[in-house]
Structure formats: structure tokens, C-alpha cells
Amino acid sequence: MRRITILLAVSTLGLTPAVAMAEGKMPQMDFSDPLTGAQVVWMAIIMVALYFLMARWALPQIGEVIEKRQNHIAEDLETARHARTNAEHAVAELNLAIQNARASSQGAIAEAVNAAKERARAQSLELNEQLDVQIATAEAEIEAAREKAVAALPPVAREVTVSLLQRLTGEAADLARVDRALSALATQG
């Protein structure tokens, strides 16, 4: 492919391939040919035109884009710094609110515990009073029952004693003697 391109270039210049190759130069670099000089001049004109086009139009636009991008990045960084500062303030306020909430909740818990202890003390005193009344009532009932039982003992004891003496001796017991013996036992016990 390259050889075909060289041959076409040589043939457009009017040189035969054998002549160009015989001189040992590339035909495109043969400045003795008037076409090569014209090509170099047009190349210089095109390069200068491209330079001015790039310098006056393309490079300023690229510069503007780069400057806008830098400004945008700077604004984003400033926004990020501002957001970071706001976030740090919000975190500090949140921590303060948490500490205040903990303090108030601990105070409320202490108040609730104290109130519960006071209610428990009051209930305990009330229950103790009720139990004291119930104990006093029960003791009174027991004492009344004991007195009744003690009052019922002499007749029962007399009857049992008479019955036992009769069974053991086979005779009727002397009631006056049984009464004296039972009253002597009652005064000893």
C-alpha cells in the first residue's frame, strides 16, 4: 500500500519512479521541483491560519470551560465546607440534646423511684396497721376461747373424775371430795 502511494506521488510530480529513486531522495522532499515549494507555502499558510483559529477562537473557549469548571469546583468545595460546618453544629446540638434528655430522664426516674418507695412505705404501714388490728382481734378471740375452755374444764373434769372413780372402785365417788381435789389442782396449775 505504501509503495503504491509513493508511486502515485512520484507520477503526479511528473517524475518517473526510476528518476526519483535514482537520485536517492524521496520525491516529496525534492525542493528542486516547483510543486514541492508550493505545497510547503500552502502548508505554512494553513498552519498559520490554524494557529490563529486556535489562538483566537478554540483556546479561549477551552480556557472558559476550564475556568468555569474551576469556579464550579470551588463553589462545590465551599458548599461542602458550609455543609460540613452545619453538620458539625447539628451533631453538637444533637449531643447536647441527648445529654439534656438523659439528665431529665434520670431525674424523672429518680422521682418515680422515690414516689414508688413512698407508696410502698405507705402501703406497708397501712398493711401493718391492718395486720395489727387483725392480730389484736385474733388474740382477743383466742383469749375468749381459752377463757371459755378454762371455764368449761371444771365441770368436765368433775364428770370425768367421778366417772373414773366409779369405774375403778365400782362405788359412787364423794362429790365434795372430788371438788376439793379439783380446786387444789386448779390453784397449783
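By convention here, the first residue in the shown sequence is residue 1.
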- request: Please indicate whether Glu143 has more than 12 foreign heavy atoms, meaning atoms of other residues, nucleotides or ligands, lying under 6.0 Å from its CD.
  value: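 Enclosed: over 12 neighbouring heavy atoms sit under 6.0 Å from CD of Glu143.
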message: Taking atom CD as the centre, does Glu88 end up with more than 12 heavy-atom neighbours from other residues, nucleotides or ligands that are less than 6.0 angstrom away?
response: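 Result for CD/Glu88: enclosed.
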With rounding to the nearest 0.5 Å, note down the distance linking [atom1] in [X] to [atom2] in [Y].
X      : Y      : atom1 : atom2 : answer
Arg119 : Gln123 : CZ    : CD    : 8.0 Å
Met47  : Trp42  : CE    : CH2   : 15.0 Å
Ile45  : Leu50  : CD1   : CG    : 12.0 Å
Ile109 : Asn114 : CD1   : CG    : 12.0 Å
Asn71  : Glu64  : CG    : CD    : 11.5 Å
Asp174 : Arg180 : CG    : CZ    : 7.0 Å

message: Evaluate Leu127 against Gln130 for side-chain contact (heavy atoms from CB on, under 4.5 Å), listing each step before the verdict.
response: CA-CA 5 Å; Leu127 288 175; Gln130 288 176 0; 3.7 Å; yes
- prompt: Closest approach of Pro60 and Ala55, non-hydrogen atoms and distance?
  reply: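 Scanning both residues completely, I find the closest heavy atoms to be CD-O, 3.3 Å.
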Out of curiosity, does [Y] fall in the hydrophobic cluster containing [X] (side-chain heavy atoms, cut-off under 4.5 Å, transitive links)?
X      : Y      : result
Leu59  : Ile66  : yes
Trp57  : Val65  : no
Leu175 : Leu165 : yes

- prompt: Are any side-chain N or O atoms of Thr85 and backbone N or O atoms of Arg81, one a donor and one an acceptor, separated by less than 3.5 Å?
  reply: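 Yes.
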- prompt: Are any side-chain N or O atoms of Thr79 and backbone N or O atoms of Glu75, one a donor and one an acceptor, separated by less than 3.5 Å?
  reply: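 Yes: the side chain of Thr79 pairs with the backbone of Glu75.
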- request: Just grab all the salt bridge (Lys or Arg N to Asp or Glu O under 4.0 Å) pairs involving residues 121-133, residues at least two apart or on different chains.
  value: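 For residues 121-133: Glu118-Arg121.
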